[in-house]
Novice: 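I'd like to ask you about the structure that follows.
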Amino acid sequence: MHGVAAFGSAHLRGHTVIVCGRAGAARRAVARYRSAGADVLTAVVPSELALLGPSLRRASLVVGVDDGDPGWDVLPAVAREQRTLLLTEEPAAEHGHVTLVGGGPGEADLLTVAGRRALAAADVVYYDRLGPGRVVADLAPGAELIDVGKTPGHHKVPQETIQAMMVESALAGHAVVRLKGGDPFVFGRGGEEVAACLAAEVPVTTIPGISSSVAVPGTVGIPVTHRGVSKMFTVASGHVPFSDDELEHLAGLGGTLVILMGVGTLAQTIAGLRRHGMDPATPAAVVERGYSAEQRSTVARLDKLALAAAEAKCASPAVIVIGDVVAVGNDWKHLTAEFGGAARSLEDVHA
Ligand code: SAH
């Protein structure tokens with residue numbers, strides 16, 4: 001039944017749906033049919049069915065949630081008598097738990113099947129700016145959606161607060177999904193969230209996601225490794241300026257350097273890499289807002305990239321790629337990306 005979301009969020013408007021089963025077990029079905037626009041009535045115990053009288057006759061659908069009460073075995077007969085469809089559904093989880101879901105780089109089709117399943121079963125979803133935020137309502141039709149990416153004052157909800165909220169709602173018995181951009185364990189603070197759950201004895205599982213560190217270069221045709229060109233890639237955070245030591249090591253590594261959260265420190269990073277001997281002619285790229293209609297890439301030699309990025313007013317979120325693999329993408333004239341409105345090859349971007 002989760003797939004009904006594909007037909008739009010209010011496709012059951014004007015229909016009466018009767019959900020039968022104990023409140024805890026039935027809560028997800030109730031939330032889902034309500035969010036589909038149906039007029040939802042409930043029968044918590046079998047004896048309440050009779051009280052529904054005319055509503056029962058009007059109902060388009062009777063939903064039986066298996067709550068273990070043998071009294072519900074009357075449902076098929078009731079439905080037949082009223083000429084109403086009967087569906088049965090699994091009960092919602094009795095004990096709360098948290099699932100960290102990697103949402104991928106922002107395109108709904110790049111979310112895993114397991115991630116979609118977790119969202120479909122969620123009571124509460126905490127999400128933020130990166131990842132497939134716009135489609136959460138469709139993917140989690142029965143869930144309360146909480147945007148922790150910004151508060152009314154446009155500040156992010158502090159990480160400790162997010163963790164406390166997740167734990168609290170799991171302890172209240174809810175199936176909680178924490179949807180994160182990319183992979184939860186790549187600069188996603190997923191580790192802190194797992195630790196917070198374990199400390200509170202809340203069961204927690206994680207579902208990986210496609211990380212922007214690989215997928216965003218890929219969507220413009222930059223392979224992070226390429227036979228004969230690069231046999232390693234290093235993923236680094238440019239959130240805080242690199243130390244001189246780090247820059248020396250990064251400059252000496254060879255292979256491909258991928259930097260996330262690095263637009264603000266780009267000029268410093270490039271100056272440091274150059275100071276430590278990286279070839280000024282090394283091809284480099286800034287790929288902004290991958291997998292969105294506003295995707296854009298700026299490509300230049302390493303010694304020209306800071307200026308090119310400043311002129312183009314490059315902004316976060318962006319993935320920076322430094323290495324000979326950037327030139328490999330340039331030669332693939334006919335590569336077209338499957339996802340993202342504006343996905344195109346590097347050469348087109350260059351032209
Ligand atoms: N866990 C995420 C990364 C979180 S850090 C992952 O695995 O992808 C956030 C940074 O990721 C952004 O500042 C940006 O550098 C990068 N990023 C994430 N999604 C992106 C996208 N769609 N386009 C460009 N950069 C992206």
Side-chain angles (χ1 to χ4, degrees), residues 99-112 114-115 126-136 147-150 156-157 159 162-163 177-194 206-222 224 233-242 250 256-270 284-299 305 309 312-323 326 329 337-344 346 349:
T99 310
L100 263 58
V101 174
E107 155 67 49
D109 280 4
L110 295 180
L111 177 66
T112 63
Y126 294 92
Y127 69 102
D128 45 38
R129 187 174 56 103
L130 292 169
R134 281 164 314 213
V135 296
V136 235
D147 182 355
V148 290
K150 54 175 181 281
K156 284 177 113 178
V157 178
Q159 182 66 21
I162 296 175
Q163 287 163 201
V177 164
R178 172 72 174 111
L179 180 64
K180 316 193 67 93
D183 185 273
F185 288 157
V186 178
F187 304 129
R189 307 195 75 168
E192 290 160 70
E193 292 170 2
V194 166
T206 70
I207 296 175
I210 296 179
S211 177
S212 65
S213 54
V214 174
V216 170
T219 192
V220 289
I222 302 174
V224 289
F233 60 100
T234 306
V235 181
S237 163
H239 181 57
V240 171
F242 294 107
L250 289 173
T256 307
L257 178 55
V258 177
I259 303 173
L260 305 192
M261 300 177 279
V263 176
T265 53
L266 182 61
Q268 265 171 291
T269 303
I270 292 175
V286 178
V287 186
E288 300 166 83
R289 302 179 292 274
Y291 298 90
S292 79
E294 292 83 39
Q295 178 176 301
R296 177 173 75 156
S297 38
T298 303
V299 186
L305 186 67
K313 296 195 166 54
C314 288
S316 179
V319 173
I320 297 158
V321 195
I322 300 172
V326 173
E338 176 115 4
F339 301 103
R344 50 202 169 166
L346 274 177
V349 175

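As the structure lists them, so they are numbered: ligands from 1, and atoms in each ligand from 1.
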Novice: Regarding ligand 1, does Ile259 bring an N or O atom to under 3.5 Å of one of the ligand's N or O atoms?
Specialist: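 The answer is no, given that Ile259 and ligand 1 share no N or O pair closer than 3.5 Å.
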
Novice: I need the Asp183 CG to Leu100 CG distance, nearest 0.5 Å.
Specialist: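 Asp183 atom CG to Leu100 atom CG measures 9.5 Å (nearest 0.5 Å).
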
Novice: Have a look at Gly182, Ser212, Ser213 and point out the one with the heavy atom closest to atom 26 (C) of ligand 1.
Specialist: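 Closest candidate by heavy-atom distance is Ser212.
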
Novice: So, is Tyr291 polar-close to ligand 1, with some N/O to N/O distance under 3.5 Å?
Specialist: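 Between Tyr291 and ligand 1 (N or O atoms, distance only) the closest approach is not under 3.5 Å.
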
Novice: If you measure from each heavy atom of Arg289 to ligand 1, is any distance below 4.0 Å?
Specialist: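 Right, Arg289 reaches ligand 1.
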
Novice: Is the number of heavy atoms from other residues, nucleotides or ligands under 6.0 Å of Phe242 CZ greater than 12?
Specialist: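 Yes - once you tally the heavy atoms of other residues, nucleotides and ligands closer than 6.0 Å, there are more than 12.
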
Novice: For Phe187 and Met261, which heavy atoms make the closest approach, and how far apart are they?
Specialist: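 Of all heavy-atom pairs spanning Phe187 and Met261, the closest is CB-CE, 3.7 Å.
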
Novice: Taking a cutoff of less than 4.0 Å between a non-hydrogen atom of the residue and any ligand atom, is Gly181 in contact with ligand 1?
Specialist: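 Distance cut 4.0 Å: Gly181 passes for ligand 1.
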
Novice: Ignoring angles and geometry beyond distance, decide whether Pro105 reaches within less than 3.5 Å of ligand 1 through its nitrogen or oxygen atoms.
Specialist: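 So ligand 1 has an N or O lying under 3.5 Å from an N or O of Pro105.
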
Novice: For atom 13 (O) of ligand 1, which of the options Glu294, Gln295, Arg296, Met261 provides the nearest non-hydrogen atom?
Specialist: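 The nearest heavy atom belongs to Met261.
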
Novice: Is it the side chain, the backbone, both or neither of Leu260 that has a heavy atom closer than 4.0 Å to ligand 1?
Specialist: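 Both backbone and side chain.
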
Novice: Ser212 side chain to Gly182 main-chain N or O, any donor-acceptor pair under 3.5 Å?
Specialist: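 Side chain of Ser212 to backbone of Gly182: no pair is present.
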
Novice: To the nearest 0.5 Å, how far apart are CZ in Phe185 and NZ in Lys180?
Specialist: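 Going from the CZ atom of Phe185 to the NZ atom of Lys180 covers 9.5 Å.
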
Novice: Is a donor on one side and an acceptor on the other found under 3.5 Å between the side chain of Ser211 and the backbone of Val214?
Specialist: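 Judged by distance alone, no pair lies under 3.5 Å.
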
Novice: Which of the numbered atoms in ligand 1 are under 4.0 angstrom from any heavy atom belonging to Ser316?
Specialist: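 What qualifies from ligand 1 is 13 (O).
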
Novice: Restricting to non-hydrogen atoms, name the atom on Val287 and the atom on Ser297 that form the minimum distance, rounded to 0.1 Å.
Specialist: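 The answer is CG2-CB, 4.0 Å.
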
Novice: Under 3.5 Å between some N or O of ligand 1 and some N or O of Ser211?
Specialist: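 Yes, there is a polar N/O contact under 3.5 Å.
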
Novice: May I ask you to check if ligand 1 and Ala318 share an N or O to N or O distance below 3.5 Å?
Specialist: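 There is such a contact, yes.
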
Novice: Distance-only, no hydrogens or angles: does the Arg296 side chain make a donor-acceptor pair with backbone N or O of Ala312 under 3.5 Å?
Specialist: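 It does hold such a pair.
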
